[in-house]
Amino acid sequence: MAWFDDHARPLPWRTQTVSPWESLLAEIILQQTRIETGIPYWERIRTAYPNPAVLAADTEENLLLLWQGCGYYARARNLYKLAQELEGKPLPKTYDALLKLPGIGPYTAAAVASISHNQPVACVDGNIRRVISRFRAKHMTDSQLQKEASVLLNTTRPGDWNQALMDLGSQICTPRNPKCNQCPIEDNCMATKSEDATEWPMRRSTKQKQIQAAALVIGGEQGMRLEAREGRTLGGLWGVPYAEGKAAIQQLLNGREVKEIGQLRHDFSHKKLHVTVYSANPSVSDELREPESVPLSTLDRKILELFKVHQSEES
Ligand code: SF4
């Protein structure tokens, strides 16, 4: 705790007085987004939606417009559902009640309950998993880690304790080259007795599939043909006509005179996309929209950027 008191990262949701709702927004955004990228999203979203009732009164699409580029859009859709489920009531304070809300897992429930309400519940995120596994020099399952984190928890300052472990993991006990000689728990850390502290925790295998895809840009300055995306990854967003896999690509390109304009790569956590981008002139049946008027994914913004560059090279 002494180390944290001296070295806590000056994050905006720590240096200002923030509500439990704003703390929840920070936790949800930081689950899968780097801090530097997440801060402007947090500022933007908390300003637009200072409490859940304001969000519930708006549309999901407007939230997605603010969220675009932050990735993992299921988080935004769940946040919207959560705001609606609260029906104007404030966020619950306890771990158990928070856990029942859409999109709130054990980590987020524990973070909000401990940081905003001083409830003695331990968080386990990637940083804490690494610190505890090394501290005990033990490969542990998720439930063993949760138990161990609960045993170690400082119940007087649980919120600060959880944040201290997160900071220790991100600043000192880093995935590669941990700075053990600067670490406040070095004397008791079992990993330092081994040759290589990075042996813990066990690496989770995240095999990404390689996927061939095609995107078709129809339109131009007069607007673009945009379709509502479906599915868990990009549902709720809009994008240009798009297909993955040979048969679907053929179907996408059939029946129009298309021109290949370039290729790009895009990674999701579970797949690596190799996208060939085509363009075509709109037909009378194509409904064209202004891309700025709807939430687009980063992938679609890359596709439109490539199209724009191609257009300017042509003219
Ligand atoms: S002593 Fe080294 S391995 Fe152990 S917790 Fe600290 S930084 Fe990590």
Side-chain angles (χ1 to χ4, degrees), residues 1-15 23-24 26-39 42 72 95 99 105-208 269:
M1 294 305 339
W3 175 84
F4 181 67
D5 290 340
D6 287 342
H7 296 91
R9 286 173 294 179
L11 303 172
W13 43 89
R14 287 183 185 167
T15 50
S23 179
L24 174 82
E27 292 304 333
I28 291 179
I29 290 168
L30 296 188
Q31 273 165 20
Q32 280 132 330
T33 304
R34 293 168 58 83
I35 286 188
E36 311 77 66
T37 316
I39 288 174
W42 178 73
Y72 295 91
Y95 172 82
L99 200 55
Y107 166 77
T108 312
V112 175
S114 64
I115 296 168
S116 298
H117 304 293
N118 215 33
Q119 275 215 334
V121 275
C123 295
V124 180
D125 69 348
N127 283 319
I128 297 180
R129 175 173 181 260
R130 188 165 57 254
V131 172
I132 293 181
S133 307
R134 290 179 182 169
F135 185 65
R136 293 291 192 220
K138 203 171 157 193
H139 295 302
M140 286 183 254
T141 62
D142 289 348
S143 69
Q144 286 170 328
L145 271 165
Q146 186 64 54
K147 255 190 216 154
E148 197 60 46
S150 304
V151 168
L152 293 168
L153 182 72
N154 176 319
T155 51
T156 316
R157 294 173 62 188
D160 286 347
W161 175 262
N162 284 328
Q163 295 182 90
L165 285 193
M166 291 175 206
D167 282 13
L168 195 60
S170 71
Q171 296 180 84
I172 303 282
C173 194
T174 47
R176 273 172 247 150
N177 306 320
K179 304 177 190 83
C180 298
N181 55 3
Q182 296 172 31
C183 180
I185 57 173
E186 187 190 8
D187 288 351
N188 304 98
C189 177
M190 298 302 289
T192 55
K193 298 181 179 37
S194 82
E195 263 178 33
D196 182 9
T198 64
E199 197 184 312
W200 298 275
M202 191 122 58
R203 281 195 185 83
R204 296 189 200 268
S205 70
T206 46
K207 248 196 168 171
Q208 290 171 303
S269 57

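All ligand and atom numbering here is 1-based and tracks the order in the structure.
The aromatic rings of His139 and Trp200 sit tilted, their planes meeting at an angle between 30° and 60°.
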Evaluation steps, side chain to side chain contact (heavy atoms under 4.5 Å, CB included), between Leu168 and Ile185:
CA-CA 10 Å; Leu168 195 60; Ile185 57 173; 3.8 Å; yes

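Counting only N and O atoms by type, the side chains of Gln31 and Tyr72 include no donor and acceptor under 3.5 Å apart.
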Please list every donor-acceptor pair under 3.5 Å in which a side-chain atom of residues 173-183 meets a protein atom from a residue at least two apart or in another chain.
| unit_1 | atom_1 | unit_2 | atom_2 | d |
| --- | --- | --- | --- | --- |
| Thr174 | OG1 | Arg176 | O | 2.9 |
| Thr174 | OG1 | Asn177 | O | 3.3 |
| Lys179 | NZ | Gln171 | O | 2.9 |

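A distance of 8.0 Å separates NE2 in His117 from CD in Gln119, rounded to the nearest 0.5 Å.
Taking all atoms of both residues into account, the shortest heavy-atom contact from Pro201 to Ser133 is CB-OG, 3.5 Å.
Distances under 2.8 Å from atom 8 (Fe) of ligand 1 pick out the protein N/O/S atoms Cys173 SG.
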